[in-house]
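Keep in mind that this is a model prediction, so the values were computed, not measured. The residues of the chain are indexed from 1 along the displayed sequence.
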Amino acid sequence: MRIAAPSSVLVAALAGCGGAGSQPPNDPEAEPLWADEHCRLANPAPYPPTGTYMSNHVGRENSNAIPCAGPRAFDLEWHVLETHASAQPNTFAPDGKTTYLTTTPGDDGCNAFAVDTETGEVVWKRCDLPFGVLASTIDVDERGDLFVTAGNTARALDPNTGADRWVTELPNTSGAGATYGLKFTVDGHLVTQVPDGTVYLVQRTDGKILAELSVPGETGFVPAEPTTLPVEMTPAYVLARLRLLVGDKHYDEAIAGLGGLLGASGGFADNTVCTTARRQVLTVGGGPDKFTGAAVALDIVGTVDEPGLKFRWAMPLAAGSASSVVASSDGERAVLGDGNGHIHMIDVPACDDNTDADPEPDRCAPAWVFEHPGGKLLGTVALDDDGTVYAFTTGAERVEEIYALRDRGDRYDLKWASDFGPIAQMTTVLTVTDDAIYGVLSQVEPLVTVGALTLPKSVRNEAVVIDKESGVVVHRESTPDSSLTELVLSPRGELFLTALGLYEILTLDPAGRDPVGGLRKYVARE
């Protein structure tokens, strides 16, 4: 069902101009407004061909790698939107002048923002969106139009005001989980998966649902067993920190969401979908039983005007993956982590043609698996153009913080592994550039077990630059919060960081610092 955009939307008054404002929506004759770019990418339409899409939840393949050179050292320029925590990275207008992010409601009750990248001033904000928008990035097409999932809806937003251009209901029968944003397909449509496992293809211009397929209905798969925060055993000061960021209205939703971040939400879908040049959609989520998840491949069939979705194969995994599927630019290799933190590389044509190691045509066997000793994989891996996988591990049992694995077809070579000390952990996904890796490195003091969870006693954080060839940290900059998103390189070569502050919320110290949240901008050191 499609819902017409309301005549008046609860959108704050403009604090300035930004986005792709001068261009009419979806006008093929309009000249795209691109940045004076730090570098130009070969992004496929409808993505802007700028340095915009390098984060794991933005861009078709989730690769989290960008063929540009970022700064080797940087300084903080500004920090805005304190009390607003983000679970996903920010994105940019094609001209680089505006950045977009979704957040917790914070002190003003608003949870989606456009911010001027030069000044940090708020261009517009939305204060009426469902709390579930926190699980979605705001995707941007080559004309600057904006798209987002919020609760059980997909929406197109006006880049100038944030107002709804269209709103489409995405039927969802699950009472748990979240819709983790959307992607542009090779045909130019939108694709997303809702918590009950249904995948939808949506027309970008008007929100019309073009096709849908229920993965559990097709496969018989079930959601992973949910991870729950042991509220009855959790100190009151921990819960108070959470309430500070989400407010009273959304407190129960936030408790359930924390369980998903720490393992599995109870919803079928575990993370953002991936879509490829091979006209496929790759998802990760539920599997044959509550302890076994799966990566699933769907084919986009039919024509551009009348597409459909067809199940192709599934690859069983340990359930509770925090890792989206990541694909190469040609769609022939795909990689992800499972609930045990092991990394699985997929030869997609072999699984499509049933020439992989599994004889069943609807099952896929990995080309290789990296079973690192100890630790968990808390987030999506990065896949570089040369076939190198960069992955970070967390937890008390980890051996190394980051591994660089060179894909060799049916095996991998360990390029390097970095150990940053006994209490060091990466708390962001890795952003990989031509010569550097960016992220937040946290010093997490010995962990304490509370119920089924392991929580920190204290935490200190640094935004870091890591040399790509050696794995050595070459720059450190203190930052208040752990993140769980990433340090994102903008089209103009600046770095932006959104923060969730999960470790700060969960720190078992009554005198511990409250999480700050917000958006930070870093600029290259002169």
Side-chain angles (χ1 to χ4, degrees), residues 76 79 82-87 104 106 227-246 251 254-255 257-263 322 341 374-379 392-402 418-430 438-466 473 475-487 497-520 522:
L76 179 68
H79 175 204
E82 292 188 19
T83 76
H84 292 274
S86 294
T104 60
T227 302
T228 57
L229 188 68
V231 176
E232 70 285 351
M233 302 174 64
T234 303
Y237 57 81
V238 170
L239 301 179
R241 293 184 197 128
L242 178 63
R243 198 181 296 271
L244 177 71
L245 291 178
V246 303
Y251 178 74
I255 290 289
L258 275 179
L261 289 171
L262 296 168
K376 294 290 184 180
L377 182 69
L378 190 63
F392 72 101
T393 61
T394 63
E397 303 304 316
R398 71 196 178 286
V399 176
E400 309 283 358
E401 275 68 63
I402 301 179
S418 286
D419 176 6
F420 301 127
I423 63 171
Q425 297 187 36
M426 296 300 302
T427 53
T428 59
V429 173
L430 306 175
Y438 300 97
V440 172
L441 181 65
S442 300
Q443 305 294 323
V444 182
E445 292 290 350
L447 303 172
V448 177
T449 299
V450 177
L453 300 179
T454 304
L455 306 180
K457 290 180 68 176
S458 68
V459 59
R460 292 176 289 109
N461 311 292
E462 297 171 307
V464 297
V465 182
I466 299 168
V473 175
H475 177 71
R476 301 172 183 263
E477 183 82 14
S478 178
T479 189
D481 290 341
S482 56
S483 174
L484 288 194
T485 64
E486 54 234 83
L487 196 54
L497 177 65
T498 56
L500 182 62
L502 179 62
Y503 279 74
E504 286 68 34
I505 294 170
L506 298 176
T507 295
L508 294 175
D509 178 1
R513 184 183 50 76
D514 289 335
V516 179
L519 174 69
R520 295 168 177 84
Y522 298 93

Measuring from atom CG of Leu502 to atom OG1 of Thr507, what distance do you get when rounded to the nearest 0.5 angstrom?
9.0 Å

Without swapping roles, check the side chain of Thr104 against the backbone of Val246 for a donor-acceptor pair under 3.5 Å.
no

Using every non-hydrogen atom in the two residues, find where Val429 and Glu486 come nearest and quote the distance to one decimal.
O-CB, 3.6 Å

Any heavy-atom pair between the side chains of Ser86 and Leu519 that's under 4.5 Å?
no

Looking at side-chain heavy atoms only, is the closest gap between Asn461 and Glu504 below 4.5 Å?
yes

Kindly indicate, with the supporting measurements, whether the criterion side chain to side chain contact (heavy atoms under 4.5 Å, CB included) is fulfilled by Val459 and Gln443.
CA-CA 5 Å; Val459 59; Gln443 305 294 323; over 6 Å; no

Does Thr479 reach the side chain of Tyr522, with side-chain heavy atoms less than 4.5 Å apart?
yes

Pairwise side-chain contact, Asp481 with Leu500, heavy-atom cut-off 4.5 Å (strictly under):
no

So, for Arg520 and Ala499, which heavy atoms are closest and what is the spacing to 0.1 Å?
NH1-CB, 3.8 Å

Side chains of Ile402 and Phe420 in contact at under 4.5 Å (non-hydrogen atoms):
yes

Residues Ile466, Val473; criterion side chain to side chain contact (heavy atoms under 4.5 Å, CB included); working and verdict:
CA-CA 4 Å; Ile466 299 168; Val473 175; 4.0 Å; yes

Cationic N near anionic O, under 4.0 Å, Lys457 to Glu445
no

Give me the atom names and distance for the closest heavy-atom approach of Ile505 to Arg241.
O-NH1, 3.1 Å

Would you confirm whether His79, through its side chain, and Gly517, through its main-chain N or O, come within 3.5 Å as a donor-acceptor pair?
yes

Do Leu245 and Pro515 have side-chain heavy atoms sitting under 4.5 Å apart?
yes

Side chains of Thr485 and Thr498 only: does a donor on one sit below 3.5 Å from an acceptor on the other?
yes

In terms of heavy-atom contacts, Val440 and Leu497 come closest through CG2-CD2, 3.8 Å

Side chain to side chain donor-acceptor pair (under 3.5 Å) with Thr427: which of Ser482, Ser442, Ser483?
Ser442

Identify the two heavy atoms, one from Tyr503 and one from Pro456, that lie closest to each other, and give their separation to 0.1 Å.
O-CG, 3.8 Å

Quick one: closest heavy-atom pair of Val465 and Tyr438, and the distance?
CG2-CE2, 3.6 Å

